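Contents: one structure, followed by commentary.
On a predicted model such as this, the values are computed, not experimentally measured, just so you know. Protein chains get the first letters and strands the later ones, always in sequence-line order, with residue 1 at the start of each.
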Amino acid sequence: EPEVTQTPSHQVTQMGQEVILRCVPISNHLYFYWYRQILGQKVEFLVSFYNNEISEKSEIFDDQFSVERPDGSNFTLKIRSTKLEDSAMYFCASKAQGENSPLHFGNGTRLTVT
Amino acid sequence: AQSVTQPDIHITVSEGASLELRCNYSYGATPYLFWYVQSPGQGLQLLLKYFSGDTLVQGIKGFEAEFKRSQSSFNLRKPSVHWSDAAEYFCAVRNTGGFKTIFGAGTRLFVKA
C-alpha cells in the first residue's frame, strides 16, 4: 500500500536556525497537510495545500512558517527561525480527490530545538 | 466553530474486555467523522470513517463506531480488546466541503493482562 514518507525522522537544531522538514505524499493525492503534536498534547492543524497554494492555515502557522511543493513530488515545511516552543512532532498528511477521502499520515519528524 | 471532545484522557481495560472510547463533536451539520490510532513513535493510522448512511461503521482491527446525531457523538467500540490495542486513539472531524480535519485531544488506552 502506498505510504506518506517523511525525512528526517529526527532533527535537532539550535534556536534561531532554519529547518526544512520533507515529505513525499502518496503519488496520486492532491491535498497536502502539515500537523504538529507537542509532546503529550493534541494533534494540531497547521496548514493545508491544494493546487499549488495554501488553502487554509491555523493561527500557529505564522510568518515563520512556509510550505512548498518544489518539484511535484516533495512537500516541505520550512521554519525560518526556530524557537524552543517549535519542538514537536511534525506530521505530513495527504488526501486523494473526493470529499470523503481520509487523511493518510507519515510517521512524523521529531524536531528538537535547543 | 468546529470542535472535538474526547472526555477520557486515559482508559485501562483488561485484555478480553470490551472497550468504548467516547467522542463528541460540535458542528452545525453532519460532518465527516474519523477515528485514528497512534502507536508510540508512529504516525496516525485510520481505523474507520463515517460520511453518511448506516450509522454503525466497521473498521480495521475489529473496531466499530456508531454515529448518533441526537447526541453529537461518534463513540469507538471493540468487543474484546487485545494487548496490541494499547495506543493513543484520536477522534477527528472535517466539515463538508472543508480542507481542515480537526482532532480531539486523544485517549490513551492501557491494556492489562
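For CD1 of B:I9, the number of neighbouring non-hydrogen atoms (other residues, nucleotides, ligands) closer than 6.0 Å is 12 at most. In A:E85, the CD atom is crowded: over 12 heavy atoms of neighbouring residues, nucleotides or ligands sit closer than 6.0 Å. For A:D63, the CG atom is loosely surrounded, since the number of other residues' heavy atoms within 6.0 Å does not exceed 12.
Of the listed residues (A:Y33, A:Y31, A:F45), the one with the most heavy-atom contacts under 4.5 Å to chain B is A:F45. Chosen from A:G108, A:C92, A:S101, the residue pairing most often with chain B at heavy-atom distances under 4.5 Å is A:S101. Between chain B and the residues A:S9, A:S58, A:S55, the most heavy-atom pairs under 4.5 angstrom are made by A:S55.
Heavy atoms closer than 4.5 Å to chain A are found in both the backbone and the side chain of B:L44. Neither the backbone nor the side chain of A:K57 comes within less than 4.5 Å of any heavy atom of chain B. For chain B, no part of A:Q6 is nearby; none of its heavy atoms comes within less than 4.5 Å.
Connection of A:F49 to A:L30 is not established within any shared hydrophobic cluster, with ILVMFWY side chains joined at heavy-atom distances below 4.5 Å, either directly or through further cluster members. Note: the hydrophobic cluster containing A:Y90 does not contain A:F105 (ILVMFWY, side chain heavy atoms under 4.5 Å, direct or indirect links). B:L19 and B:L76 end up in the same hydrophobic cluster when Ile, Leu, Val, Met, Phe, Trp and Tyr side chains are linked at under 4.5 Å. No path of Ile, Leu, Val, Met, Phe, Trp and Tyr side chains, each step under 4.5 Å between heavy atoms, connects B:I60 with B:L56, placing them in separate hydrophobic clusters. The cluster map of Ile, Leu, Val, Met, Phe, Trp and Tyr, joined by side-chain heavy atoms under 4.5 Å apart, puts A:L77 and A:I54 in the same cluster.
In this structure, the separation between CZ on B:F90 and CD on A:Q37 is 4.5 Å, given to the nearest 0.5 Å. A:L103 CG to B:F34 CZ: the interatomic distance, rounded to the nearest 0.5 Å, is 6.5 Å.
Within the structure, side chain to side chain donor-acceptor pair (under 3.5 Å) contacts touching residues 39-53 of chain B (residues at least two apart or in different chains) are B:Q45-B:K61.
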Using residues 97-113 of chain B as the side-chain source, report each donor-acceptor pair under 3.5 Å to any protein atom, sequence neighbours left out, with the distance given to one decimal.
{"unit_1": "B:T101", "atom_1": "OG1", "unit_2": "B:R94", "atom_2": "NH1", "d": "3.3"}
{"unit_1": "B:T107", "atom_1": "OG1", "unit_2": "B:Q6", "atom_2": "NE2", "d": "3.4"}
{"unit_1": "B:T107", "atom_1": "OG1", "unit_2": "B:D8", "atom_2": "O", "d": "2.6"}
{"unit_1": "B:R108", "atom_1": "NE", "unit_2": "B:E88", "atom_2": "OE1", "d": "3.3"}
{"unit_1": "B:R108", "atom_1": "NH2", "unit_2": "B:E88", "atom_2": "OE1", "d": "2.9"}

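Applying the side-chain contact (heavy atoms from CB on, under 4.5 Å) test to A:R110 and every residue at least two apart in sequence or in another chain returns A:H10, A:L39, A:M89, A:T112.
Considering only heavy atoms from C-beta on, A:P102 stays 4.5 Å or farther from B:Y32 through its side chain.
Contacts with chain B (heavy atom to heavy atom, under 4.5 Å) involve no residue of residues 13-22 of chain A.
Side-chain atoms of A:N107 come within 3.5 Å of backbone N or O of B:G43 as a donor-acceptor pair.
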